[in-house]
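Worksheet: the structure to be examined is printed underneath.
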Amino acid sequence: PAGTARAGEGGRELPMTPDARTPAARAATRLTWAVTALLAAALAVAVWPGPLTSTGLQAGAVLTLGAALGGAPAVRPAPRLTAGLAALALLPWLYLLPLPAAGLADLGGHARYHAPGTWLGAGEPAWAPLSLAPFATWAVALDLLAPLAVFLAVRQLGPAHHVRLLGLLLALAVAQGLYGLLQFASASSGSAWLLAQGAHAGSATGSFTNRNHLALLLEMLVPLAVLLTLRPPAGQRPDAAAARQRALGYGAVAAFLLLCLLFTRSRTGITLALLGLVLALTLGAPRWRAGRALGVAGGLLLFALGVASVMGLAPVIARFSVDALLADARPRILTVTLEVLRAWWPLGSGPGTYALVMPPAQPVTLPDVVLNHAHNDYLEWLVETGAPGALLLSAALGAFWLQGYRVVRAARRAAANPLPLGAGLGLLLVAGHELVDYGLRIPLNQLVFAVLAGVFFAPPPARPPPRAPPGRPSSAPA
């Protein structure tokens with residue numbers, strides 16, 4: 001029957017998967033399949049980028065958003081979280097509202113485009129949007145639909161459906177990593193088979209065109225695989241043999257992800273993955289299992305380094321050389337971006353317009369660099385959205401740290417669910433990676449991030465009513 005529970009550690013009752021025949025369970029199953037379909041559509045965008053696949057992803061996002069918002073919510077909506085999501089969804093549309101063009105000439109960088117005498121022929125229009133490129137802002141507004149739909153859908157699901165979706169993400173990461181290893185092997189053999197071209201040739205990139213985007217996907221799932229090696233998900237208390245099989249399976253996944261990360265040759269990805277490994281073992285392992293945690297860490301690193309040494313670590317090590325670090329153009333791009341940010345403050349140039357406002361500011365010291373991204377998503381967001389975007393960003397970071405405090409406190413219990421902590425650590429690694437890259441602007445990474453955020457911000461399952469002492473009737477309804 002629905003709501004059945006069985007005894008867990010210390011006699012505590014653990015909620016089991018609800019009966020599939022109940023309306024709530026059927027709605028949860030539909031949402032799970034909708035999120036799975038969106039992940040498949042995002043993978044299609046990565047493999048076959050173009051208007052057809054992008055339109056399919058956006059259409060699926062609208063349907064999933066309707067399913068997530070249409071029925072009775074399975075969890076109580078959080079007012080502050082709802083307000084933040086609504087502000088994020090509406091922000092691009094605000095930059096498309098027509099405003100008096102004469103007033104825009106007094107707003108930072110807009111003066112270059114709306115000053116008197118700028119327009120020739122028919123003259124300056126009387127009204128203009130705040131966005132410098134409305135078509136680019138329109139695209140951002142549509143692209144936000146998919147991650148918002150996934151987040152809202154996943155947050156309404158329970159631990160059983162979270163396990164299925166996160167297992168799907170781990171399988172996706174393993175497939176992408178295997179593809180990347182084949183790319184690296186073909187490069188080592190002198191073949192160009194499956195290789196990405198340009199600056200990322202010779203690195204594992206998977207279905208992406210940038211090694212850092214594959215590294216972001218892999219690194220944000222490493223803590224989850226490590227924690228599942230140490231602890232079972234909520235509601236699962238297998239026997240000793242099944243526990244060993246689970247630990248071996250998830251441990252193998254974690255080791256494989258670390259191995260694939262090495263061959264992306266992403267300096268940030270490798271460093272943050274090791275940080276995620278340390279944080280997962282430190283925060284997720286009970287104190288009485290510290291020795292086991294150290295053994296898991298040593299085994300994972302030895303496996304990854306052992307296989308990597310056989311395949312060839314020289315190209316990976318070369319990425320950490322002094323010459324490679326000095327040749328990185330990110331510091332110079334950062335300097336130019338800060339100048340553009342000051343010029344367009346306080347309202348920004350509009351979501352999606354960074355690549356259009358940078359060419360006039362590009363110095364002659366960067367002749368061979370295409371300034372289409374800031375390689376710092378926080379600064380790029382501020383250039384495009386100004387003070388309103390800064391407020392939203394501050395609210396998002398504050399909500400993350402507050403929820404993280406709750407999750408870390410809950411993780412100290414022996415029977416705690418490891419999924420929220422694993423998802424939160426993955427989000428933390430993404431937040432660090434975006435200081436030097438723009439991987440969250442890739443649809444597949446956006447949706448993986450949204451799944452982790454939905455698990456992280458999902459309310460804990462309701463606890464069963466307390467048991468009455470023997471001989472005394474329970475106050476809970478039958």
Side-chain angles (χ1 to χ4, degrees), residues 5 8-10 12-15 28 68 73-88 147-148 150-163 165-166 169 220-228 230-236 272 275-289 293 391-432 434 448-466:
E9 294 183 1
R12 179 180 296 175
E13 292 185 346
L14 299 173
V75 298
R76 183 173 60 87
R80 295 179 183 177
L81 184 62
T82 304
L85 294 176
L88 176 62
L148 288 175
V150 168
F151 174 80
L152 291 172
V154 173
R155 190 176 179 273
Q156 296 189 38
L157 301 176
H161 291 281
H162 289 166
V163 170
L165 284 174
L166 294 176
L169 295 188
M220 71 172 115
L221 295 173
V222 166
L224 178 68
V226 173
L227 285 171
L228 288 174
L230 299 173
R231 289 181 171 184
Q236 297 183 14
L272 289 176
L275 175 62
L277 174 63
V278 172
L279 291 176
L281 295 172
T282 303
L283 301 175
R287 294 178 181 178
W288 58 88
R289 293 181 180 176
L391 291 176
L392 270 180
L393 182 60
S394 301
L397 293 176
F400 172 76
W401 289 114
L402 180 60
Q403 181 68 7
Y405 174 74
R406 297 167 180 162
V407 168
V408 170
R409 286 192 61 186
R412 296 174 181 174
R413 300 196 306 266
N417 184 11
L419 301 183
L421 180 59
L425 290 177
L427 299 180
L428 178 63
L429 298 185
V430 173
E434 293 307 282
V448 175
F449 181 88
V451 171
L452 294 181
V455 173
F456 180 67
F457 282 100
R463 294 182 179 180

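When a residue number appears, it is its place in the shown sequence, counting from 1.
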Can you see which heavy atom on A87 is nearest to which on L392, and at what distance?
CB-CD2, 3.7 Å

What are the two closest non-hydrogen atoms of F449 and L427, and how far apart are they?
CE1-CD2, 3.4 Å

Would you call L452 and L221 a side-chain contact if the rule is heavy atoms closer than 4.5 Å?
yes

Let me know which of L279, L281, L275 forms a side chain to side chain contact (heavy atoms under 4.5 Å, CB included) with L277.
L281

Grab the two heavy atoms, one from H162 and one from V154, that are nearest each other, plus how far apart they are.
NE2-O, 2.9 Å

Note: P418 and L228 closest approach over all heavy atoms is CG-CD2, 4.0 Å

Of all heavy-atom pairs between A450 and P147, which one has the smallest distance, and what is that distance?
CB-O, 3.4 Å

Measure up the F151 and F457 rings against each other and bin them: parallel (under 30°), tilted (30 to 60°), perpendicular (over 60°).
perpendicular

Considering only heavy atoms from C-beta outward, does the side chain of L429 approach that of P223 to under 4.5 Å?
yes

From CA spacing to verdict: side-chain contact (heavy atoms from CB on, under 4.5 Å), W401, L428:
CA-CA 10 Å; W401 289 114; L428 178 63; 3.9 Å; yes

Does L419 form a side-chain contact (heavy atoms from CB on, under 4.5 Å) with L227? I'd like the steps, not just the answer.
CA-CA 8 Å; L419 301 183; L227 285 171; over 6 Å; no

Distance (rounded to the nearest 0.5 Å) between L152 CG and T82 OG1
8.0 Å

Non-neighbouring partners of R80 that pass side chain to side chain donor-acceptor pair (under 3.5 Å), sequence neighbours left out
none

Minimum heavy-atom distance A411-L283, with the two atoms named:
CB-O, 4.2 Å

